[in-house]
Amino acid sequence: MAAPRPSTPRKILGRLSLPERTYVADALRTETVGGVLLLAAAVVALLWANIPALHDSYEDIAHFHLGPAALGLDLSVAHWAADGLLAIFFFVAGIELKRELVAGDLRDPKAAALPVVAALCGMAVPALVYTVTNVTGGGSLAGWAVPTATDIAFALAVLAVIGTSLPSALRAFLLTLAVVDDLFAILIIAVFFTDDLNFAALGGAVAGLLVFWLLLRTGVRGWYVYVPLALVVWALMYNSGVHATIAGVAMGLMLRCHRHEGEAHSPGEHIEHLVRPLSAGLAVPLFALFSAGVSVSGGALADVFTQPETLGVVLGLVVGKVLGIFGGTWLAARFTRASLSDDLAWADVFAVASLAGIGFTVSLLIGELAFEGDQVMTDEVKTAVLCGSLIAAALATVLLKIRNTKYRRLWEAEERDEDADGIPDVYEEDDPAYHLRLAERYERKAAEHRRIAQEKAAARHGLAEVPGGAGDDRDGPA
């Protein structure tokens, strides 16, 4: 009887497969552009709201109402941005989650354990930090969920600005973590921020989702079918009392994200490719434009660090997120057979975990829901989210810059393609054909260098003979 083969311990943050790495690179490229636009929109909002000559115009536009009142949709521009445009963002989040479940890291329960545990700890610890801060300080516990969310677009924008060459495994960890984070943030919104339910509207929304699912399963195509249906489902969900962005998530989860034979892309991949630029380039920046415009003064900033509600948000984002994600990752390595990749150190995980403290889009949304009806506290919590995110971004920048030399070496090793076949060498090191191609390439280079050496030697030999020949010529008759 043959002895069982020893199993190889799984590596945390090990090298991705080539298709997965390609997908992550494409997704992050779009998210990074969207993150830069998000940063720009937030800066514009702050300037617009804090320049005295422009403040009134900002308020007038943000609170201008439009929409059919008969359908319960006479909403302000800011409300449309939060409930309408963010539904597009959550639709893409739903597709990402579905893809991770059927083809990404969440497909394998063992691989999924790491981002799930890290995300759960990264939400539980900030909520605990907020709760402790407000219990000891006598503040309101209503905002416990505000520091639980991570803004992946904002975090990737910071990466783009500081130019960090993160290895693909760390980038994928950050992306998958944010997808799981978004899922639990959606559940928090659905469970804790739904008040009075309109069961007729909710039943209509569920019926619309069922029609959406049946159309997908029967292979019906055409945006002119799905877009009007999506709008109806969204409007019914909004009027039901459940936050309207849940409709976007539900429709995203219904899309098929695995490929059938002969398909270059699954419907989910195709639609995500079309909608992601709309989400990252328009929906999220416009939401930031009409949500981040809070009046900031010296006194307001001082209040952020003295009031328990706002201090809890800041500490939750800056301290809670880092400790939760780093601690969750360490626990996964400590109590399972997984071990950290040989190329990385725990300091690298800590540096990336610090990026997750950047909570913006969903944190602002939850802040509005948590303190609805109290505009002063809503604005103060938004200011706290901005401050906490900026502090987390500064901390991440310092830590990533310290580790940047190592990241660059890892990135260069991942990208090296010496045989020039378009596939990085790290994916071909076990292929004999790769080594034969490399040997042939080196032999051609060696032959070329031998030819050059012979030409140089011949030229040098010829120059050495010139003086003697010239002297012989001068000895002849004039």
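Along the sequence shown, residues carry numbers from 1.
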Q | Side-chain heavy-atom pair Leu202, Asn198 within 4.5 angstrom cut-off | A | no

Please table the atom pairs, donor to acceptor, closer than 3.5 Å between any side-chain atom in residues 183-192 and protein atoms at least two apart or in another chain.
none

Q. Is it true that atom NE2 of His265 has more than 12 heavy atoms of other residues, nucleotides or ligands lying nearer than 6.0 Å?
A. no

Q) What pair of heavy atoms forms the shortest contact from Tyr58 to Ala49, and how long is it? A) CD2-CB, 4.1 Å

Q. If we only count heavy atoms from C-beta on, is the Val135 to Leu141 side-chain gap below 4.5 Å?
A. yes

(Q) What I'd like to find out is whether the side chain of Gln307 reaches to under 4.5 Å of the side chain of Met377, using heavy atoms alone. (A) yes

**Q.** ring-ring contact (aromatic ring centres under 6.0 Å, His included) partners for His258, two or more places apart
**A.** His260

Q. So, for Leu236 and Ala201, which heavy atoms are closest and what is the spacing to 0.1 Å?
A. O-CB, 3.5 Å

Q: State, yes or no, whether a side-chain contact exists between Phe212 and Leu216 at a heavy-atom distance under 4.5 Å.
A: yes

Q | Over all atoms of both residues, closest heavy-atom pair of Ala142 and Ala370 | A | O-CB, 3.4 Å

Q. Which of these passes side-chain contact (heavy atoms from CB on, under 4.5 Å) with Thr306: Thr310, Asp303, Val304?
A. Asp303

Q | All side-chain contact (heavy atoms from CB on, under 4.5 Å) counterparts of Ala149, not counting sequence neighbours | A | Asp181, Val362, Ser363

Q: Taking side-chain contact (heavy atoms from CB on, under 4.5 Å) as the test, write out the residues that go with Leu71, two or more places apart.
A: Pro68, Leu73

**Q.** ring pair (Phe, Tyr, Trp, His ring centres under 6.0 Å) contacts touching residues 372-402 (sequence neighbours left out)
**A.** none

Q) So which pairs with a foot in residues 116-142 pass side-chain hydrogen bond (donor to acceptor under 3.5 Å, both in side chains), sequence neighbours left out? A) none

**Q.** Minimum-distance pair of heavy atoms, taken over all atoms of Leu38 and Ala288
**A.** CD1-CB, 3.3 Å

Q | Leu215 side chain near Leu229 side chain, heavy-atom distance below 4.5 Å | A | yes

Q: Evaluate the side chain to side chain contact (heavy atoms under 4.5 Å, CB included) criterion for residues Leu355 and Leu400: first the C-alpha distance (whole Å), next the side-chain angles of each, then the deciding distance (0.1 Å), finally the verdict.
A: CA-CA 9 Å; Leu355 275 171; Leu400 290 170; 3.9 Å; yes

Q | For Phe64, side-chain contact (heavy atoms from CB on, under 4.5 Å) partners two or more places apart | A | Leu66, Val77

Q. When you look at Ser291 and Leu365, which way does the side chain to side chain contact (heavy atoms under 4.5 Å, CB included) test go after all the steps?
A. CA-CA 8 Å; Ser291 290; Leu365 176 61; over 6 Å; no

(Q) Show, in sequence, the C-alpha distance, side-chain angles and deciding distance for Leu46 and Val294, and conclude whether the side chain to side chain contact (heavy atoms under 4.5 Å, CB included) test is met. (A) CA-CA 6 Å; Leu46 288 170; Val294 293; 4.3 Å; yes

Please report, to 0.1 Å, the donor-acceptor pairs under 3.5 Å made by any side chain of residues 241-252, with sequence neighbours excluded.
unit_1 : atom_1 : unit_2 : atom_2 : d
His243 : ND1    : Thr245 : N      : 3.4
His243 : ND1    : Thr245 : OG1    : 2.8
His243 : NE2    : Asp83  : OD1    : 3.4

Q: Output all residues satisfying salt bridge (charged side-chain N to carboxylate O under 4.0 Å, His left out) with Glu263, sequence neighbours left out; order by chain, then residue number.
A: Arg256

Q: Considering only NZ, NE, NH1 and NH2 on the basic side and carboxylate oxygens on the acidic side, decide whether Glu96 and Arg276 come within less than 4.0 Å.
A: yes

Q. Closest heavy-atom contact between Val314 and Ala384?
A. CG2-O, 3.6 Å

**Q.** Trace of the salt bridge (Lys or Arg N to Asp or Glu O under 4.0 Å) decision for Arg99 with Glu272
**A.** CA-CA 10 Å; Arg99 188 202 160 277; Glu272 181 187 7; 5.8 Å; no

Q) Would you say Leu255 and Phe91 make side-chain contact, with heavy atoms under 4.5 Å? A) yes

Q: Return the set of residues passing side-chain contact (heavy atoms from CB on, under 4.5 Å) with Ala127 (not counting sequence neighbours), or none when no residue passes.
A: Trp144, Thr148

Q) What pairs meet the ring pair (Phe, Tyr, Trp, His ring centres under 6.0 Å) rule with one or both residues in residues 275-326, with sequence neighbours excluded? A) Phe326-Trp346, Phe326-Phe350

Q.
How close do Gly139 and Pro308 get, counting heavy atoms only, and between which atoms?
A. CA-CG, 3.5 Å

Q: Using salt bridge (charged side-chain N to carboxylate O under 4.0 Å, His left out) as the criterion, list what pairs up with Lys382, not counting sequence neighbours.
A: Glu368

Q.
What I'd like to find out is whether the side chain of Val385 reaches to under 4.5 Å of the side chain of Val313, using heavy atoms alone.
A. yes

Q) Taking side chain as C-beta onward, heavy atoms only, is Met123 less than 4.5 Å from Lys321? A) yes

